[in-house]
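Proteins come first, then strands; the chains are lettered A, B, ... in the order of their sequence lines, and each starts at number 1.
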Protein chains: 2
Amino acid sequence: MVDDAIGQVIERLRARGRRITVARRALIEALIAEPGHVTAEELTATMHAQHPDVAESTIYRILDDLEQLGIVVHVHLGHGPAVYHLATGSHVHLVCDDCGGIIELPSAVVDSMAAQLRAAFHFESRFTHFSIGGLCQGCQLRSRSDDG
Amino acid sequence: MVDDAIGQVIERLRARGRRITVARRALIEALIAEPGHVTAEELTATMHAQHPDVAESTIYRILDDLEQLGIVVHVHLGHGPAVYHLATGSHVHLVCDDCGGIIELPSAVVDSMAAQLRAAFHFESRFTHFSIGGLCQGCQLRSRSDDG
DNA sequence: TTAGCTGCAAAAGGTTTGCAAATTA
DNA sequence: TAATTTGCAAACCTTTTGCAGCTAA
């Protein structure tokens, strides 16, 4: 069924006139195999196990292309490098400013907020591209005790 | 009253043991004079009109320091450089992914959302550090007509 | 006087680009 | 064959850092 998922993506690429190269196939495999959010650097490392001569610039180019085709999205969780994942299973991220911990939310959680912004500003919001920053429970407690 | 605002910030710096240098005073003036969101580069340009030999690295260092003191915040509106503004008047940004247009919201608009995240995840969210991406009305209409 | 700040220059980190060679269809 | 894709290396952009000299208190 992983193979199946790969086949489906490849189909979509062919349908849009892309050529299926070793690097593309390997990157799609890596994206499907990886569980969560991966940086370009991590993807490169994964792919280098099997294909050590794929250049990181190639990976950035393929990711760009996949993103334009709506197959992949990238997310900014914090100040570091962007992370990538398949566009299916897009979700919202709460990221703790102190410890960097991540809570993933189903997009539905922000629906009422999105509706509010749509009604008031005609703005169709996507909460998925940037994280929502803040403090997790642990860091709230810690900063309180630091104060005292 | 601008002078007054400057004086207040300088007081806070002194109270925390900072030295008041030409660069610091000029940067505070620039921040108070600038209307909205400014990048470090824009601040540098502004300051160079009066003080051409202040280094950009100095500006980054002072901004860091002011941020640690809670006087300044930086915000990521999109993929470009961070923008800075005084911590007073902190607000939420809706940024159009297509045209880059910005809508500023009073923080109160996200209060109910914040309450929801607090109740469900004990997460104290700050919607001010990253923008909320999406599509503004104009770009929604444009992309619809591009489809057809 | 002396700690804190600054300028300069260089480096770091993430991402993009130019170009000739390789590869896909 | 012809156009797309790639590897390599270099550039780019924003931000950080090391260090010696300057300056505010």
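Scored by the side-chain hydrogen bond (donor to acceptor under 3.5 Å, both in side chains) test, B:E34 finds B:T46 as partners (sequence neighbours excluded). Looking at residues two or more places apart in sequence or on another chain, you find no ring pair (Phe, Tyr, Trp, His ring centres under 6.0 Å) involving B:H122. By the side-chain hydrogen bond (donor to acceptor under 3.5 Å, both in side chains) test, B:T21 pairs with no residue at all, sequence neighbours left out. For A:H76, the side-chain hydrogen bond (donor to acceptor under 3.5 Å, both in side chains) partners at least two apart in sequence or on another chain are A:H74, B:H79. In terms of the side-chain hydrogen bond (donor to acceptor under 3.5 Å, both in side chains) criterion, B:D64 has no residue partners (sequence neighbours excluded).
In this structure, A:E41 atom CD and C:dT15 atom P are separated by 9 Å, rounded to whole Å. In this structure, the NE2 atom of A:H51 is 18 Å from the P atom of D:dT5, given to the nearest Å. The CG-P distance, from B:D53 to C:dA9, rounds to 13 Å in whole Å. Between B:L63 atom CG and C:dT6 atom P there is a gap of 11 Å when expressed in whole angstrom units. One can place CD1 of B:I10 at 13 Å from P of C:dC5, the figure rounded to the nearest angstrom. Rounded to an integer number of Å, the gap from A:L13 CG to D:dT5 P is 9 Å. In this structure, CG of A:L66 is placed 11 Å from P of D:dT5, rounded to the nearest angstrom. For B:D65 and C:dC5, the CG to P distance is 7 Å, given to the nearest whole Å.
A:H129 contributes no side-chain N or O that, together with a main-chain N or O of A:F127, makes up a donor-acceptor pair within less than 3.5 Å.
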What donor-acceptor contacts under 3.5 angstrom involve side-chain atoms of residues 49-60 of chain A, with partners at least two apart or in another chain?
none

Distance-only donor-acceptor pairs under 3.5 Å for side chains of residues 8-16 of chain B, two or more places apart:
{"unit_1": "B:Q8", "atom_1": "NE2", "unit_2": "B:D4", "atom_2": "OD2", "d": "3.4"}

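Applying the salt bridge (charged side-chain N to carboxylate O under 4.0 Å, His left out) test to every pair with at least one member in residues 129-140 of chain A, sequence neighbours left out, gives no pairs at all. Residue pairs satisfying the salt bridge (charged side-chain N to carboxylate O under 4.0 Å, His left out) criterion with at least one member in residues 99-119 of chain B, sequence neighbours excluded, are listed as follows: B:R118-B:E124.
Taking the six-membered ring where tryptophan is involved, the planes of A:H93 and A:H85 are tilted, since the angle between them lies from 30° to 60°.
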**Asked** Along nucleotides 16-25 of chain C, 5' to 3', which nucleotides get a B, which get an S, and which get a -, given that the test is a protein heavy-atom distance under 4.0 Å?
**Response** BBBB----BS

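The rotation axes computed at either terminus of the helix from C:dT1-D:dA25 to C:dA25-D:dT1 lie 30° apart, taking five pairs at each end and rounding to 10 degrees.
DNA chain D lies under 4.0 Å from no heavy atom of any residue of residues 68-83 of chain A.
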